[in-house]
Amino acid sequence: MRNEEVARVFDRIADLLEIKGESIYRVLAYRRATEEIRSYPRDVEEVWKAGELKLIPGVGEAIAEKIDELFRTGKLDYYENLKREIPESLADLLQVGGVGPKKAARFWKELGITTREGLEAAAREGRLRSMEGMGEKSETRILESLAALRRRETGRIPLGRARESAARLLARLRSLPGVERAEAAGSLRRWRETVGDLDFVVAATQSESVRRAIVEWSDIVRVLGQGETKVSLELQEGLRLQLWVHPPERFGSAWQYATGSQAHSVRLREFALDQGLSLSEHGFKRTNGKEILCASEEEVYSTLGLPWIPPELREDRGEFEAARAGRLPGLVEESDLRGELHTHSLWSDGTVDIRELAEAARDMGLEYLVITDHSKSLGMVQGLDEARVREQRAEVKSIQKSLGSDVRILHGAEVEILADGQLDFPDSVLAGLDLVVASVHTSLRQPRAQMTERVVRALANPNVDVLGHPTGRLLGKRDPSDLDMDAVFRTAAEHQVALEMNCHPERLDLNDIQARAALDFGCMLAIDTDAHHPDHLRLREYGVGMARRAWAAKHSVVNTWPLADLETWLGRRKGAVRRDRG
DNA sequence: GCCGTTTTCGGCCCGACTGTTTTCAGTCG
């Protein structure tokens, strides 16, 4: 059972307990455990086997016992009993906007509604207004929310799409009269791989005129809410936007608040309370009522004696402990990247020739670039055979000659890891390449043991330098392959193979949690765009965002290294081969 | 239900916005 499956059980339990009217703190305890399990860097099943469940934050005696029962028996009596008591489908109502646990419970008890379909029918027939506290507007809101839910398959949109929209909206916000500053916040600013709403904070002295201007934007489908400091809107395609307007002298606390995460902000406010301060989006308040205003985020953190914490770390995953100990990591930055290790040219399925790629890399300030076209067994993309690899090597040489020394082109390949873990080229060919990215593109659904053995075997080949898009997932489209990631990380660390953080917004593979686990195993990372077009080289920022969420420092990312250091690392395999031969 | 260099019991963030019940509960982030 995977972490996500375990997390789902406890999330469901929290929903049902909340509908049942249990103590909110018990519910919150289940929610906390859910989040911790979901983002836990190791397989909880392994943690269970090691008898270390209580090492997971938020997991105490009671929840540890339940996890144990889940792994031992595959089910959980407590959960089964709860489902007999409260219809499980009621939990689906909680996703409907404006419906929380209290209303869900009353729909069930007073009107016998247990499903979304039932709720919709009742709202259409005007039966909801028979309940105290419910009127016509509530019915309309629920019908609109149900329709919005259907429009959007999942509640969250991929970061890539969110960032495109956000950039557009931000430019418009900044051009409004009276706006002194406008910034993105929320999970977008934290570089989460998916984003719920687009959150923005605006600094303006005249809040009202700004809010008025915004709600008149032509692409707004409807206004979800509007008050003194906050506006919520729905844009086309079900995109939701939240915007806070605060005076410039309060911008810091407002931006911190809007950036979250919720868990991070809760901790921050607890910190404030310890020091006799109450923190909100408006600033700090002392017990005597006096305010401390923060125009910048730095002031928010420094008021509590903390260094500014980068948004990517704000998940309550140890950043406070690190900040207090003065051990926040120096995170990798996009400007640290000196090279690109994974690109495709016209030789396989890229869209431009090698020269164009190299020139684009050079123009972006990169010092080196590795051409890694596909290998032969990937026939549909014209993977290269041994003869074409040799031809390509000659072309790389000649282009290098004509380009001069501004950018160095290395000749590599993205080699298929075949279904049995063998590589698509013999060692003699691999050894002649400057760099080898090994990747899985086919038979992605092998059983766990087989898939793991396959990847581990490839990693152990001394000619392999980078494991490309390690899990094969496509965000929202294809699940990751079933792999024992601990075994993959252990092997990669042992053989000094770098793990790719594929920058394509559809992949983001490894993701943040996996990459952090990999770093714990002592692995190195490679932030690669897998570019098939020069424009794709710009996607580096996504990989950097993901790496920063993984707490990656510059030195852990091999393509931040100067070329000489990179070549030393690549040269290690010659040593390994010699060792193998005794 | 979890957690603790103030605590093993008594705490567990803070405010905005909405609809409807004319003073507030529920929802949301």
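The chains referred to below are lettered A, B, ... by the order of the sequence lines, with proteins before strands, and numbering in each begins at 1. From a predicted model like this one, the values you see are computed outputs, not experimental measurements.
Figure legend: cation-pi geometry between A:K66 and A:Y78, with NZ or CZ positioned under 6.0 Å from the six-membered ring centre and within 45° of its axis. Geometrically, A:K83 engages A:Y79 in a cation-pi contact, judged by NZ or CZ lying under 6.0 Å from the ring centre and within 45° of the ring axis. Figure legend: A:R549 and A:W191 shown without cation-pi pairing, the cationic atom not lying both under 6.0 angstrom from the six-membered ring centre and within 45 degrees of its axis.
In this structure, the CD atom of A:E61 is 8 Å from the P atom of B:dC2, given to the nearest Å. One interatomic measurement links the two molecules: CD1 of A:I56 to P of B:dG1, which rounds to 17 Å at whole-angstrom precision. A:L273 places its CG atom 16 Å from the C1' atom of B:dC3, with the value rounded to the nearest Å. Rounded to a whole Å, the CZ atom of A:R267 is 15 Å from the P atom of B:dC12. As a whole-Å value, the separation of A:K285 NZ from B:dG15 P is 6 Å. In this structure, A:R286 places its CZ atom 16 Å from P of B:dC14, rounding to the nearest Å. The CD-C1' distance, from A:E270 to B:dC2, rounds to 12 Å in whole Å. Between A:H264 atom NE2 and B:dC14 atom P the separation is 15 Å, expressed in whole Å.
With a 4.5 Å cut-off on side-chain heavy atoms, A:L277 and A:I292 count as touching.
Rounded to whole Å, the separation between the P atoms of B:dC2 and B:dT6 comes to 23 Å. Across B:dC28 and B:dT22, the matching P atoms stand 23 Å from one another, rounded to whole Å. Nucleotides B:dG10 and B:dA16 are separated by 29 Å at their C1' atoms, to the nearest Å. Distance noted for atom C1' between B:dT18 and B:dT23: 14 Å (whole Å). Annotation: B:dT8 and B:dC3 have their C1' atoms spaced 9 Å apart (nearest Å). The separation of B:dC12 from B:dC17, taken at their P atoms, amounts to 25 Å, rounded to a whole angstrom. The P atoms of B:dC9 and B:dG15 are separated by 32 Å, rounded to the nearest whole Å. Spacing of P atoms, B:dT27 relative to B:dT21, comes out at 16 Å, to the nearest Å.
Residues A:S296 and A:E299 have side chains that bring a donor and an acceptor to within less than 3.5 angstrom of each other. If you check the side chains of A:S261 and A:R314, you find no donor sitting under 3.5 Å from an acceptor. At a cut-off of 3.5 Å, with distance as the only test, no side-chain donor of A:S265 or A:R269 sits close to an acceptor on the other residue. Under 3.5 Å, the side chains of A:R156 and A:T194 contain a donor-acceptor pair of N or O atoms. Using modelled atom types and a 3.5 Å distance limit, the side chains of A:E22 and A:Y30 yield no donor-acceptor pair.
Sorted by residue number, the members of residues 20-32 of chain A with any non-hydrogen atom under 4.0 Å from DNA chain B read A:Y25, A:R26, A:A29, A:Y30. Against DNA chain B, the stretch residues 220-228 of chain A makes heavy-atom approaches under 4.0 Å through A:G225, A:Q226, A:G227, A:E228. Applying a 4.0 Å cut-off to non-hydrogen atoms, none of the residues of residues 161-168 of chain A approaches DNA chain B.
Heavy atoms of A:S278 sit under 4.0 angstrom from primed sugar atoms or phosphate atoms, though from no base atom.
The phosphate of B:dC3 has neither OP1 nor OP2 within less than 4.0 Å of any side-chain N or O from A:K54. Proximity of A:S253 to the phosphate of B:dC14: no side-chain N or O atom is located under 4.0 Å from OP1 or OP2. Between A:H282 and B:dC14, a side-chain N or O to OP1/OP2 separation shorter than 4.0 Å is absent.
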**Report entry** A:E281 and A:W244: CA distance, side-chain angles, deciding distance, side chain to side chain donor-acceptor pair (under 3.5 Å) verdict
**Finding:** CA-CA 10 Å; A:E281 58 262 52; A:W244 290 266; 5.1 Å; no

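Atom CZ of A:R8 and atom CD1 of A:I13 lie 13.5 Å apart (nearest 0.5 Å).
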Report summary line: Readout for nucleotides 20-29 of chain B: B = base within 4.0 Å of protein heavy atom, S = sugar-phosphate only, - = neither; 5' to 3' it is SB----SSSB

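When both pairing distances are held under 3.5 Å, B:dT8 makes no Watson-Crick or G-U pair with any nucleotide shown.
With sequence neighbours left out, A:F251 forms a ring-ring contact (aromatic ring centres under 6.0 Å, His included) with A:W255. A:D68 pairs by the side chain to side chain donor-acceptor pair (under 3.5 Å) definition with A:W48, A:R72, not counting sequence neighbours.
Looking only at distances, a side-chain donor or acceptor of A:D484 sits under 3.5 Å from a matching main-chain atom of A:A487. Panel note: side chain A:R250, backbone A:L293; no donor-acceptor pair is recorded below 3.5 Å.
Nearest-nucleotide mapping onto DNA chain B: of A:Y78 and A:V266, the residue sitting toward the 5' end is A:Y78.
By the 30° and 60° cut-offs, the orientation of the rings of A:H264 relative to A:Y301 is tilted.
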